Structure formats: C-alpha cells, structure tokens
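Supplied in structure tokens, the structure appears directly below.
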Amino acid sequence: MSNAPDETIQEVSATASLDPGTPARVLLIDGHSMAFRAYFALPVENFATTSGQATNAVYGFTSMLINLIRDEDPTHVLVAFDKSAPTHRTQAYPEYKGTRAATPEEFRGQVPLIQQVLDALRIPHVGIEGVEADDILATLATVAQAEGAQVLICSGDRDTLQLVTDQVTVLYPRKGVSDLVRMTPVAVEEKYGVPPQRYPDLAALVGETSDNLPGVPGVGPKTAAKWIGAHGGLDGVIAAAGEIRGKAGENLREHLSQVMLNRQLNALLRDVEVPLTFADLARVPIDREGVHEVFDALQFTVLRDRLLKMIPQEEDDQVSAGALGMTTTVLEPGGLAAWLQARGGRMLALAVDGAGARGAWDAWRVALADGEEVITLDLTALEEADEQALAGWLVDTDRPVLVHDGKPAAHALAARGMPVHGVRGDTLLAAYLCHPDQRSYDLSDLVLRYLKRELPSAQGEQAQGALDLGLAGESDAAADLAARAVAIGELAPVVDTDVRARGAEDLLHRVELPVQEILVDMEAAGIAVDGDHLDGLAAQFDAAVGQAAQAAYDAIGHEVNLGSPKQLQQVLFEELDMPKTRRTKTGYTTDADALAELFAKTQHPFLESLLAHRESIRLRQTVDGLRKTVAADGRIHTTFQQTVAATGRLSSTDPNLQNIPIRTEEGYRIREAFVVGAGYECLLTADYSQIEMRIMAHLSGDQGLIHAFNEGEDLHRFVGSRVFGVDQADVTSAMRAKIKAMSYGLAYGLSAFGLSKQLGIDVGEARGLMEDYFDRFGGVRDYLTGVVEQARRDGYTETILGRRRYLPDLVSDNRQRRDMAERMALNAPIQGSAADIVKVAMIRVADRARREGLASRLLLQVHDELVVEVAPGELEAVTSLLREEMAGAADLSVPLDVSVGSGRTWREAGH
DNA sequence: TTGCTTACGTA
DNA sequence: CGTACGTAAGCAAT
C-alpha cells in the first residue's frame, strides 16, 4: 500500500532493580504494644466499618507502619506479636502483668486484621508460644547487629531500651502512635541518667507498674540513677546495700529480693528460637491486589491512597514481567481510513480523553489499539477525511469496539458528532459484574489485578480527562491515553474469562451493555423542567423555613442553629430537660421519629416548629439543588451510575432524580416542575406494582402468595385475611398496614424487634404476627432460610438472571457482620432480580420503539418505574408498548402488573 | 480543605 | 436491632 503510515516504535518496559551494596536497615516492631497504643490513641467509636467491626487499632497501627516505611525506608521489617501461652516470666512470677485489665474485646478482634494488613504488605510477622514479642525483637536485633545492620525497634515497652546501642535505636511512642521518640544511647542517658545497658537495673529498682513489678518504695528514677552511677550497676548497688543511708536505703534492704526478681524478669532474651532467618525479613514487593482487598474490607480509602502513592510502582509485586508492551503508530494526516481498513473488522480498543457534565460534553483525543499497536488522534486538529473515517467507524455496529467506562466516552464523542454504536465489551461493566461490592474499578487497578502489570502513566496522578497545559503535558497525555487503549484491549479477554467463570456472560452482553447504550440516550435527553415553577417553590419553601424558624425561636426564647444536631441536643435535653432519645455516636438522636415521640410526650411547641422547619428546609434544599443543575437547554441531565449498587440497581447522581419527594403534598409540588419538553405531547410513567413481592412469590414458590397474585386481588388484604383468619372484607386498614409493613420488611431481613418498633406494637405481638404469617405462607419462610444457607455454602446469592453478590461475611466470627450479611443475602436476590427485570424492560422498550420508528423516548428509571417523553400522536402506541414490554420482561409464576399514567407533568403522569 | 456524622428523600 | 442508594449541613481535624 502506497500510503503506508510511518511507524515509530516506543518500547515501554519496567525494570526491577536491587541494590546489593546498601547497608541493611532493619525495622522491628512490637505488634501488640503498638496496636494497643493505637487502640487507646484513636477513639474506637470513630473507627468502624459500616458493618460495625472496630478498626481503630488497625488504622493507627497501619498508619504508623506506613509512615515508618516511608520515613525510614527499611530494607528488612518484622512485626512480633505476643501469644497468650504462659511465658518464663509468668512461671517465675505468677503476678507478672497481673494488674493489667482484660484486653478489650474490640481490641482482640483487631489483631488478626492487622496481620491481614501485614500479609498484604508482605511483611513477615511472628508470634511464638510462651515467648513475648520483646524477646523476639531482642533476639532479632542481636542477629541483625551481628550482620552489621542498623536496627530500629518500635515498641511501647520500655524494657526494649536495654537493647539500644550505636547500631540499635528504639522508637518509643510519646503520644499516640505517630509521635515517636528516637531513643539512642545519648537520648536514654539524657532521659534516665543511665546508659541503655543499665536501664534494666534502673527499672528493677524503680519498678514497672504496667508489668505489676513493684519497685523500692521511695526510689524513683533519679535516686536509682544516682545509685547505679555511684556503684557501677545494680550488682554494685546490691553489694553496697548495707551502706546506703536513709529511708531509701532501708527500703532497698527490705526489697532486695523483689529487685533481683525484677532484674531477672526485665532482662530480654536474646536467644529465642525464631523460625525466621535474617534474610526472611527482607522487604519484598507488596501484594497490591491483597492490599486492595484488605483495605476495601476495612474501608481504609485514604490510607490505601497514601500507601499506594508511597510504594514505587516498579517495586510492585509480579509486575516484573514488564509493563505493557506498546507500539505507537504515528499516522500521517488522512491516513486513518487506510489504517482502519487494514485492521479489517477486528475488535479495537478505544480510549477517549474528554470531559463534561449536564449535557455539555467534549472530547479532544482518542486512542485506538489493535493489540499492542496503537494510534492517537487529536480531535481538535483532525483532517476532514480522518474525522469522517473515525465517525463512520464508531457509528458502525459491525465495527466492534472495546472500552472501559463507555458512557462518558460516548457522551464526549457524541458532542463531536461521533455517536458510538459498536461497543462489544466494557471492562468496567465486566469488572462490576465480577465484583459488585467494589466501589471503584480504575483501569489501572484492573490491569494490576488481571494482568499483573502496571498501567504506565507519564502524567502521574493527574485526574483522568483533566485539561492539559503545556506541550510536554500534551504528549504525556497522548501517551497515557494510548496506554489505556492498549490496556483495555489486553484486559478485555482476561476479564471476560472471569465473567464467564462467574456465569455473567449473558448479563454483560445482553443486559448491561445494551442498558449502557440506553442510558447514554436518556442522560443526553434529560428531562424538561419548569424553571418558573421551581423558582416559585423556592420562594414558597423559603418563606415557610423562615416562619418555622421564628416560631421555634419564640418557643424557647432564643435563636439556635436548627440544623445543628449538637445545638438541638443542648436545647432539648439540657434546657428543656426532655426525656432522652435513642443514643447515637455523639449523643442522642434528634431525628424526625424521635422528635415526634417527644412531641407526643411533652406537647412542646418547639418540637412542632422544629419538625416543620426540617420539612421546609429539606424541600427548599431539594428545589435549590434541582435549580442548580438545570442545563442551558432547560432540562436536567442526571447521571445514572451503572456500577455502584451491589444489588444491580442503577443509581442517579448530580442530581439524584430517583429520590424526588412523593409522599407529601409539598413533595408532589416538586414533581410538578418536571414537565414535558417542547415538541412532545406528554410525559408517561409506567411502574411495576409490588414487583418485589411478586419476585418473592416466584422465588419462594409459595402457593398462597402465588394464588394471591394470580387472583389479582388486593395483596395485603388477601394476606391479611389469611394471617388474621378473617374474611377479606373484614380486614381493617390497621391490619392491612401491619401486613404491608411485614411483607416488605421480610425482604429486608426484618426482625420481630424491628417490626414492633415500626408498628408501635410490643415485640411479643410482632413475633406472633410473624409466626402467623409464616404459618400461612410457609414457602416464604423456607425460601428465606434456604437462601441464606445456600449463600453461606456458595459464598454468593444469585438473581433470576444469575447476577451474583458475594457475601463472605456470612461466615464471619463477628455476629454483627454476620447478621448484616444475612440480611443482605435475604434482600439481594429480590432487589437484584427486580433490577434485572427493569433493565430487561428498558431494553425491550427501547428496541421496540426503534423497530416501530417511534420518536418517543425514555427519560428516567426509578427502580420500578420508567418515565417516557411521548411524541405527538404516539400516546396510545407507547402506552401499550410499555405495558407489554414491561410485563413481558420476565416469565415468573405470577403476572407482572404494570400501571401506566400520563400527563403534562411528572405529577400528573404519576398515579 | 477534607472526611465523618447526622438526617432524610426515593424504591 | 430492615435493604439499596445520594445529598447537604455541621463540625472537627487539618
């Protein structure tokens, strides 16, 4: 071919280097001692995972460790732990450490977590039966010294000071765990008045409260140091005991045996049998994948970032195989068509530099990779021919393309007149299906996890898609984008294998990818709003806020910040001396339920005004939030998140259009602000009625429940008549409400306690209600217990489309975590199956609308509801289309009931 | 400035 | 002591 492009080749490779000439720097840490310090330094109530596992000690310890590694850059590291077995010290002196309070339960559970962190960091840790951590440290410090190493010992136990030499420094925590003092020989002498090797002599005389070793009464560090100095050590002091005058001398003579015992006990052993050699302590690259897992589980996001930033990438584990191989082809202007032609119909990986929000996007660069060969195109300076070639290729459904996070890429390219239609794989969606509980799926993380390679980045930590300034930045950005494209291409087949192994292939290709394409259109369309109406509401709610606030101030005679829970607590529980409500971490709750209860008890007008203020300020906030997000086209373009909800649901952000109020009249007024856009006839909403209960009926196979739905009766009335043993006509509204609450609660793992609380009945009655329910609907109970059992066995739950949620905590030792996981296991198949069905419905609706050439379009999805903008003359067709395609989205043992409404506003369309 | 906590809207 | 989300304000630690 005559116009074959020039090719320049850039090889990118990583080198692993070791530096054999450097003297060893050894860091030895007393694990228990430092973890214990961390436990008391950081408030336990501020450090817990959402499931309730305390993590303050893990956090403090890990933070300290990271700092030490960063600041000291050790070549060798070891953490020693105590083991509970009796030591030579307790054998010689049963009272040893006898005054120590029992280890707090919340601390004990954190030690294994610390060890998990160490494992991920590939730092050896050791605990030996019958040996204290300090003895292990003493032994290894001795070994390391013999190797000529510089040794740092990190311990909160002063006994380690005896190990200090010119080669050995003790890092002793002064306050918390971040403020460590370097105890060198000079520092020890300065602080205690004796050289390090004499420190145990001094401690023997003074005693050590924390070890329950009494010293000589009346002898403190000053006296002890003086004696030791005068007599050349403890032996000299003991020999001269008879000559020491005064009360102190007398006490010394009386306590000689205790002093000698103290000295025997505080001598650290330097010849412990340690199952590790010096070489075993050498630093090795961290297990980056393991770090992600452990830090994810501990919810240490900041700490993880700190850690990963600090560890140079070439040090990374298993990355030594080399970075991504990459051949950058520089195309001549006008050469794109030929380049694409030469690729045939092969699948190419696409990466896009672009940015945008709220319906205003732009793309400025793309990279296309065919295996290791990659090109980048500057979209701001593209020749006409190349632009056409690119647009034609992107829009062609028969030109398969792989992406990572296709939705923003599609928006950005669409803004340049290049819609993308051939997406066959998205490594972000694929990774989400494999690990739905993760909160981020960075390409670089996936490359590490699946390819054991590092994604090269010339720009370092610069945010993806950030604007580049300067020429060097330009070429870096292009190189990074090229690397991303190559990485996506290499990653896709590997992640696909994982997807297949997890049975999620169909979900990816037949559900998530088509849904993504629909979401692009929905987000681009946005929903029209009546700005004047919003302004009016804002003014109205604003006035209501002011009125309620004034009324509240009048009721107590002064002003307070009604938005500050802290100040409210002051007013309610101190000034007004009201009964205490439920406890929170920082005091007593002032939530709406609690305030309503307090009002029932006290009738205090402040509470009424406060509640009114809360409601009004909330509404104003919602309205203000919406006003801020109206785009230039007079519409609100939300972003649907497809990979954040662990159950498979979508979520909506910026703004969240899935939580627009509906339960109060004022809330409805906000829905009036969402209107049909110009050129369209009306809005239409279609929602599934009781989809979760129908899924419950289907999954449980409970004949009673299935019958109820097949008869098409009022579900809660029907169930109520069975549970209470009365005719349906005699089910009161109170009975119906109880049944409704319970039915829904069951899908969330509701307990009798929770039910009683919600219904305001006592626990016994709630328990009875649940028993009656399960007597009549035994299939439901069997299903619920079965689903947890199976999840415990398999490690995951599954929806009707095979979407999995992994729940390792089902076998946790921690009851709170386990209970939480059980409730997730109960809910995930139900909520997740509903999500599956709605997604399938969206695809069917969009497909059929396209086939029938309708101009009406999907705008929103609110979990069980679809909102459509209906083009003129299409209302009838769209109504039946939605009814049919939504009802037909799944084949359950009960019908899927769909209700449809239409109107000028979202409120009118709702029902 | 940042992250945590509390509170509250939806399904 | 009921699941799944997102947002905003106050507040304490930087």
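Chain identifiers are assigned alphabetically (A, B, ...) following the order of the sequence lines, protein sequences preceding nucleic acid strands; residue numbering begins at 1 within each chain. Only a predicted model underlies this, so the values are computations on that prediction, with no experimental measurement involved.
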Confirm from the modelled atom types if A:R618 and B:dC8 form a donor-acceptor pair under 3.5 Å, side chain to base only.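 Result: at least one qualifying N/O pair found.
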
Would you indicate what A:T622 reaches in the nucleic acid, counting non-hydrogen atoms under 4.0 angstrom: base, sugar-phosphate, or nothing? nothing

Among residues two or more places apart or on two chains, list those pairs meeting salt bridge (Lys or Arg N to Asp or Glu O under 4.0 Å) that have a residue in residues 752-763 of chain A.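 Residue pairs with at least one partner in residues 752-763 of chain A: there are none.
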
Which pairs with one or both residues in residues 745-768 of chain A pass ring-ring contact (aromatic ring centres under 6.0 Å, His included), sequence neighbours excluded?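 Not a single pair qualifies under ring-ring contact (aromatic ring centres under 6.0 Å, His included).
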
Phosphate OP1/OP2 of B:dT6 contacted by A:T584 side-chain N/O (<4.0 Å):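 Affirmative; the distance criterion is met.
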
Regarding A:D836 and A:T799, is there a side-chain donor-to-acceptor distance under 3.5 Å anywhere?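 Side-chain D/A pair, A:D836 to A:T799: present.
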
Can you pull out the residues from residues 588-598 of chain A that lie within a 4.0 Å heavy-atom distance of DNA chain B? A:T589, A:T590, A:D591, A:A592

With the side chain of A:T653 defined as its heavy atoms from C-beta on, choose the nearest nucleotide among C:dT7, C:dT3, B:dG9.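 The answer is C:dT7, which lies nearest to the side chain.
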
Donor-acceptor pair, side chain of A:Y432 and main chain of A:A645, under 3.5 angstrom: yes

Please determine whether a side-chain nitrogen or oxygen atom of A:S651 lies at a distance below 4.0 Å from atom OP1 or OP2 of C:dG6. yes

Would you say C:dC1 has OP1 or OP2 under 4.0 Å from some side-chain N or O of A:R823?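 For A:R823, the contact criterion (side-chain N or O under 4.0 Å from OP1 or OP2 of C:dC1) is not met.
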
So what is the 5' to 3' dot-bracket string for DNA chain C, if pairs are Watson-Crick or G-U wobble with both distances under 3.5 Å, crossing pairs use [ ] and | means the partner sits on another strand? ..|||||||||||.

Just say parallel, tilted or perpendicular for the rings of A:H604 and A:F606, cut-offs at 30° and 60°. perpendicular

Closest of B:dA11, C:dC5, B:dT10 to the A:H863 side chain is B:dA11

Is it true that, when you exclude A:R583 itself, more than 12 heavy atoms of the residues, nucleotides or ligands shown sit nearer than 6.0 Å to its CZ?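 It does: A:R583 CZ has more than 12 such atoms within range.
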
Using a 4.0 Å cut-off on protein heavy atoms (strictly under), produce a 5'-to-3' string for nucleotides 9-14 of chain C with B for base contact, S for backbone-only sugar-phosphate contact, and - for none. SSSS--

Set of residues satisfying side chain to side chain contact (heavy atoms under 4.5 Å, CB included) with respect to A:E615, sequence neighbours excluded: A:L619, A:T664, A:E666

Counting distance alone, no hydrogens or angles: does the base of C:dG6 have a donor or acceptor under 3.5 Å from a partner atom on the side chain of A:N656? no

Base C:dG2 to side chain A:Q758, donor-acceptor N/O within 3.5 Å cut-off: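 Looking at the base of C:dG2, it does pair with a donor or acceptor on the side chain of A:Q758 (distance under 3.5 Å).
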
May I ask you to evaluate whether A:R614 reaches the phosphate of B:dC8, defined as a side-chain N or O under 4.0 Å from OP1 or OP2? yes

Return no unless some side-chain N or O of A:S751 is found under 4.0 Å from OP1 or OP2 of C:dG2.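 Affirmative; the distance criterion is met.
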
Within the structure, does a side-chain N or O atom of A:T586 lie under 4.0 Å from either OP1 or OP2 of B:dT6?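 Answer yes for this pair, as a side-chain N or O of A:T586 is under 4.0 Å from OP1 or OP2.
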
